[in-house]
Amino acid sequence: MLAPALDSQFVREVHAGLSGFGQKTLPCRYLYDSVGSALFEAITYLSEYGLTRADARILQTHAAEITGSLAGPLAVAELGSGSGIKTRPLLESLCEQQSLAYYPIDLSATALAQCERELEPLAAIVPIEKSYLEGMSEVASRRRAGEKLLVLFLGSTIGNFEPDAAIEFLTELRTLMEPDDGLLLGTDLVKPMDRLLAAYDDPAGVTAAFNLNLLARINRELGADFNLRHFHHEARYHSEAQRVEMHLRSRAHQTVRIARAGLCAEFGAGETILTEVCHKFRADQIAGMARTAGFHLDRQWMEEEWGFAESLLRV
Ligand code: AVJ
């Protein structure tokens with residue numbers, strides 16, 4: 001039998017999220033183990049999920065303009081490095097003028113390694129295997145005097161935060177930046193409900209597999225006995241809150257044992273676990289969010305076909 005290991009953060013968060021009354025929930029960052037990251041990568045190729053391609057298209061089309069608005073010696077930090085493919089045009093446009101330091105920050109060593117392979121010759125790559133804010137403190141302590149910093153927060157990951165938490169996060173981030181530094185923030189825009197639901201519940205079931213893998217991961221890492229066939233993926237859109245929610249719905253009343261968390265979690269028939277929230281934005285809301293967090297909106301680029309905005313915020 002596996003001994004409870006309540007000291008690990010994963011164990012603590014699974015325990016907190018699945019015990020007690022009220023909405024059960026699991027933090028969305030645990031979706032991205034190696035299986036989950038591969039499934040997310042597959043999602044980005046689905047015709048129903050245009051977000052990543054829209055993000056990449058803006059960076060591709062406007063790279064010179066984006067980097068041109070930050071003159072002088074520059075270092076680049078990226079929150080959530082991913083595969084690095086999207087970042088390539090920005091680094092290409094920057095490395096023409098200077099030798100460049102690039103700090104990808106990610107909790108996944110696999111993602112960092114992939115991103116290093118993808119971008120190797122373009123910059124001096126310093127991978128940082130930490131959470132976003134811890135990684136950013138490290139970047140702050142490593143940067144050279146007189147060097148400006150461009151922070152990339154792409155892919156609408158900011159949408160995974162509750163609105164208050166997003167402001168809090170951006171405010172924290174700003175305290176780790178210096179005057180004239182830039183933050184390039186990618187945000188998915190509000191669009192018709194049917195398109196959003198198709199994007200988060202694709203007919204091939206890739207998103208369903210991505211979501212269910214979270215339970216498989218808990219089985220693998222925490223010695224749990226989730227039967228994945230007893231849950232199903234559900235995407236909901238709340239138009240007032242402007243957010244998509246991903247849930248895992250229990251098909252029947254059941255009890256699941258999570259050995260390493262020392263927990264037997266009970267699920268009623270139809271009860272759900274909330275696994276991710278993805279807020280969508282109106283273009284005019286981004287400036288307000290930036291201002292509340294102590295940034296100002298310098299420039300904004302739109303992708304109209306899917307509906308995505310890239311905003312350059314300045315400290
Ligand atoms: C990686 C956070 C941008 O919210 O759209 C994709 C994650 N979840 N399909 C998003 C995701 C389901 C994605 N982000």
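Scope of the values below: all heavy atoms of this structure, side chains included, with no hydrogens, waters or symmetry mates. Counting convention: from 1, in listed order, for ligands and their atoms alike. The structure displayed is predicted, hence computed values, not measured ones.
Of all the atoms in ligand 1, the ones that sit under 4.0 Å from a non-hydrogen atom of Phe210 are 8 (N), 12 (C). Heavy-atom proximity to Tyr200, at under 4.0 Å, picks out these atoms of ligand 1: 4 (O), 5 (O), 6 (C), 8 (N), 9 (N), 10 (C), 12 (C). For ligand 1 and Asn160, the ligand atoms under 4.0 Å from any heavy atom of the residue are 2 (C), 4 (O). Proximity to Leu51 (heavy-atom distance under 4.0 Å) selects the following atoms of ligand 1: 5 (O). Against a heavy-atom cut-off of under 4.0 Å, Tyr32 is close to the following atoms of ligand 1: 1 (C), 7 (C). Which parts of ligand 1 touch Met246 is read off a 4.0 Å heavy-atom cut-off, strictly below it: atoms 12 (C).
In terms of protein heavy atoms, atom 3 (C) of ligand 1 is closest to Gly155 O, 2.7 Å. For atom 4 (O) of ligand 1, the closest heavy atom belonging to the protein is Cys278 SG, 3.1 Å.
For the pair Tyr49 and ligand 1, the shortest N or O to N or O distance falls below 3.5 Å. Between Ser156 and ligand 1, not a single N/O pair is under 3.5 Å apart. Checked by distance only, ligand 1 and Glu276 come closer than 3.5 Å through their nitrogen or oxygen atoms.
A salt bridge links Arg243 with Glu162; the closest basic N to acidic carboxylate O contact falls under 4.0 Å. Ion pairing between a basic and an acidic side chain is recognised when a charged N comes within 4.0 Å of a carboxylate O; Arg299 and Glu65 show such pairing. Taking a cutoff of 4.0 Å between a charged side-chain nitrogen and a carboxylate oxygen, Asp188 and Lys280 qualify as a salt bridge.
Hydrophobic cluster of Val277: the remaining members, joined at side-chain heavy-atom separations below 4.5 Å, are Leu274, listed by chain and number.
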Exercise for review: Starting from the C-alpha separation in whole Å, work towards a yes-or-no answer on ring-ring contact (aromatic ring centres under 6.0 Å, His included) for Tyr200 and Tyr237.
Suggested key: CA-CA 10 Å; Tyr200 289 88; Tyr237 183 59; 9.3 Å; no
_Worked check of salt bridge (Lys or Arg N to Asp or Glu O under 4.0 Å) between Arg251 and Glu271_ = CA-CA 8 Å; Arg251 295 184 190 273; Glu271 185 178 0; over 6 Å; no
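Between Thr25 and Thr275, every side-chain heavy-atom pair lies at or beyond the 4.5 Å cut-off.
Sequence neighbours left out, the pairs with a member in residues 174-187 that pass side-chain hydrogen bond (donor to acceptor under 3.5 Å, both in side chains) are Arg143-Asp181.
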